[in-house]
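Basis for what follows: all heavy atoms, side chains included, without hydrogens, waters or symmetry-related copies. To find a chain, count down the sequence lines: A is the first, B the second, and so on, and within it residues start at 1.
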2 protein chains.
Amino acid sequence: MSKSAMQDELREALTSDTPSAKTKRDLIESALLHFGREGYAGTSTRTIAQTAKTNIASIAYHFSGKAGLKQACINFIAMSVGDVLAVVLNRKITEIEHMSPEEARAKLLEMVDRMITFTQTNKRAELLMSFILREVLHSPDETDTLYKAVFGPLLDRATTLLSRATGQPATSDELKLATFTLIGQLLYMRLARPFVLKRMEWKAVGPEELEQIKSVIHRSINALLDDLSKGKSNA
Amino acid sequence: MSKSAMQDELREALTSDTPSAKTKRDLIESALLHFGREGYAGTSTRTIAQTAKTNIASIAYHFSGKAGLKQACINFIAMSVGDVLAVVLNRKITEIEHMSPEEARAKLLEMVDRMITFTQTNKRAELLMSFILREVLHSPDETDTLYKAVFGPLLDRATTLLSRATGQPATSDELKLATFTLIGQLLYMRLARPFVLKRMEWKAVGPEELEQIKSVIHRSINALLDDLSKGKSNA
DNA sequence: TCTATTTAATCAATCGTTTGATTGAATTGT
DNA sequence: ACAATTCAATCAAACGATTGATTAAATAGA
């Protein structure tokens with residue numbers, strides 16, 4: 001079964017209004033919450049079932065065990081984040097390739113903006129990021145689903161925009177690596193939030209703080225884009 | 001008891017050659033390994049004791065339980081990483097404040113270089129980063145020890161260098177936030193290694209790949225420094 | 001009715017911790 | 001100086017609690 005077919009099946013299984021679909025949804029929702037907060041090993045099936053207001057045996061019945069429920073969570077994340085990315089990256093790569101440098105830069109910054117807003121303000125984003133990060137930390141060799149459904153397309157679009165905005169070939173190693181520094185900045189700003197709050201003497205990240213973060217990352221990315229564009233003529 | 005006093009005590013307790021010191025060292029070493037790999041909840045005291053080649057009861061005896069051993073690991077990290085930083089950041093802040101912009105930029109890049117090499121190549125660094133990240137993810141409100149002993153001093157030095165290199169005041173929010181984007185780039189490049197390897201079609205990060213990473217991050221940071229320096233005259 | 005789903009109860013296994021016994025090296029008393 | 005005692009340290013064994021999984025009976029939906 002192909003990746004997208006699996007996600008379509010999952011989507012249908014979760015969006016229908018059969019009683020079984022609701023139980024599945026509740027279980028995934030609950031598992032996502034607890035896995036993200038306490039980690040996989042730190043979460044008991046009883047806790048998951050209790051939050052989902054269902055019986056422990058439901059986990060085995062619907063997902064054939066705790067491990068299956070985790071995999072369902074991964075698929076769910078791949079699906080839902082894929083939806084978010086579909087909005088952000090609604091343009092196909094071929095469209096991007098015909099953009100002017102200015103247009104591409106604006107699009108890239110808009111995409112970065114959305115990602116910052118999502119990571120910094122969305123409550124569910126916190127759980128998703130925790131879940132993904134724990135998965136990468138614990139099973140770095142089993143991140144294929146997440147890469148193919150989330151990070152692969154994201155990196156593809158970002159690198160292509162970066163290429164259009166700077167005039168550098170999208171195939172160059174430097175540009176592909178630069179994409180990581182670009183995304184790394186904004187993701188780290190969320191991961192290290194406890195340290196950011198301490199350092200900036202903030203109590204929380206509200207609208208004002210969000211704008212400050214956006215401003216700094218914009219400036220950093222614009223500087224990098226300018227420099228990479230210069231490199232075009234230098235090369 | 002002050003933080004440094006606690007760490008001095010810990011250092012003495014671990015470096016002496018009494019039988020108890022060796023057992024403590026072995027237990028912390030083992031716990032660091034397993035906590036970093038499988039997480040706190042995912043690691044059993046039996047596994048820890050087995051790797052440390054001692055009895056399970058030793059954990060309760062020396063650290064009054066699993067939780068105490070985790071705290072000892074945190075203190076150990078704060079101590080050892082503090083030592084690493086002491087070498088990297090051997091200059092006092094007052095010395096930095098008398099550097100020329102060129103000198104400060106060179107020092108900043110040298111510091112970034114060391115951090116990249118450490119995070120990308122040091123085997124222990126992988127465990128430390130995993131441990132720290134899991135801690136930040138799971139107990140964001142209990143990261144005081146790590147902040148005060150590791151990230152606080154690091155951010156202080158980096159921001160001061162950034163200030164000298166750009167002419168911007170070290171107290172400005174923009175500069176303090178820029179420090180996070182700076183450090184975030186290189187840390188993320190290590191955290192997201194599974195994705196970096198997939199994207200770059202690398203099998204591992206060897207000397208050549210390390211140089212490519214350094215080159216890109218150097219370029220990104222230099223671009224940011226140039227831009228922030230321009231901002232001095234613009235403001 | 002007949003299948004799909006939920007439920008309470010129970011399973012063996014593993015969890016962190018505690019126990020009491022044992023060791024050998026200090027410390028004490030004479 | 002030497003036996004008596006105390007002490008820190010380690011050990012195997014067992015504790016009650018909790019884990020993920022499973023069962024068979026009860027319930028719900030078509």
Peer 1: Which pair of non-hydrogen atoms, one from B:L175 and one from B:T159, has the smallest distance, and what is that distance?
Peer 2: CD2-O, 3.9 Å
Peer 1: For the residue pair A:K70 and A:F35, would you count it as a cation-pi contact if the rule is NZ or CZ under 6.0 angstrom from the ring centre and within 45 degrees of the ring axis?
Peer 2: no
Peer 1: What is the distance from CG of A:D26 to C1' of C:dT6, rounded to the nearest Å?
Peer 2: 14 Å
Peer 1: Ignoring hydrogens and geometry beyond distance, is a side-chain donor-acceptor pair present between B:T23 and B:H62 at under 3.5 Å?
Peer 2: no
Peer 1: Which atom pair, heavy atoms only, marks the closest approach of B:C73 to B:L32?
Peer 2: CB-CD1, 3.8 Å
Peer 1: Distance check needed: C:dT5 C1' versus A:R25 CZ, whole Å only.
Peer 2: 15 Å
Peer 1: Once Watson-Crick and G-U wobble pairs under 3.5 Å are found, how is DNA chain D written in dot-bracket notation, 5' to 3', with | for any base paired to another strand?
Peer 2: ||||||||||||||||||||||||||||||
Peer 1: Which whole-number value in Å describes the distance from A:K24 NZ to C:dT6 P?
Peer 2: 10 Å
Peer 1: Atom NZ of A:K53 to atom P of C:dT7: distance rounded to whole Å?
Peer 2: 13 Å
Peer 1: Within this structure, what is the CD1-to-C1' distance between B:I48 and C:dT14, rounded to whole angstrom?
Peer 2: 15 Å
Peer 1: Indicate yes or no for a side-chain donor-acceptor contact from B:S64 to the backbone of B:A60 under 3.5 Å, with no hydrogens or angles considered.
Peer 2: no
Peer 1: Would you call B:M189 and B:T119 a side-chain contact if the rule is heavy atoms closer than 4.5 Å?
Peer 2: no
Peer 1: So, for A:M200 and B:D173, which heavy atoms are closest and what is the spacing to 0.1 Å?
Peer 2: CE-O, 3.6 Å
Peer 1: Would A:K66 and A:Y40 count as a cation-pi pair here, with the cationic atom under 6.0 angstrom from the ring centre and within 45° of the axis?
Peer 2: yes
Peer 1: When the distance from NE2 of A:H62 to C1' of C:dT5 is rounded to whole Å, what number comes out?
Peer 2: 6 Å
Peer 1: For nucleotides 12-28 of chain D, read 5' to 3', which letter fits each nucleotide if B means a protein heavy atom sits under 4.0 Å from the base, S means only the sugar-phosphate is that close, and - means neither?
Peer 2: B-B----BBBBB-----
Peer 1: Any side-chain N or O of B:T54 below 4.0 angstrom from OP1/OP2 of D:dC11?
Peer 2: yes
Peer 1: B:T143 and B:S139: which non-hydrogen atoms are nearest, and at how many Å?
Peer 2: CG2-O, 3.5 Å
Peer 1: How about B:H138 and A:R134: do any of their side-chain heavy atoms sit closer than 4.5 Å?
Peer 2: yes
Peer 1: Strictly below 4.0 Å, heavy-atom distances to any atom of DNA chain C: list the hits from residues 31-39 of chain B, or just say none.
Peer 2: none
Peer 1: Given C:dT5, is OP1 or OP2 found less than 4.0 Å from the side-chain N or O atoms of A:S58?
Peer 2: no
Peer 1: Apply the test side-chain hydrogen bond (donor to acceptor under 3.5 Å, both in side chains) to residues A:K53 and A:S30: give CA-CA distance (whole Å), side-chain angles for both, the deciding distance (0.1 Å), then the verdict.
Peer 2: CA-CA 9 Å; A:K53 288 170 185 162; A:S30 170; over 6 Å; no
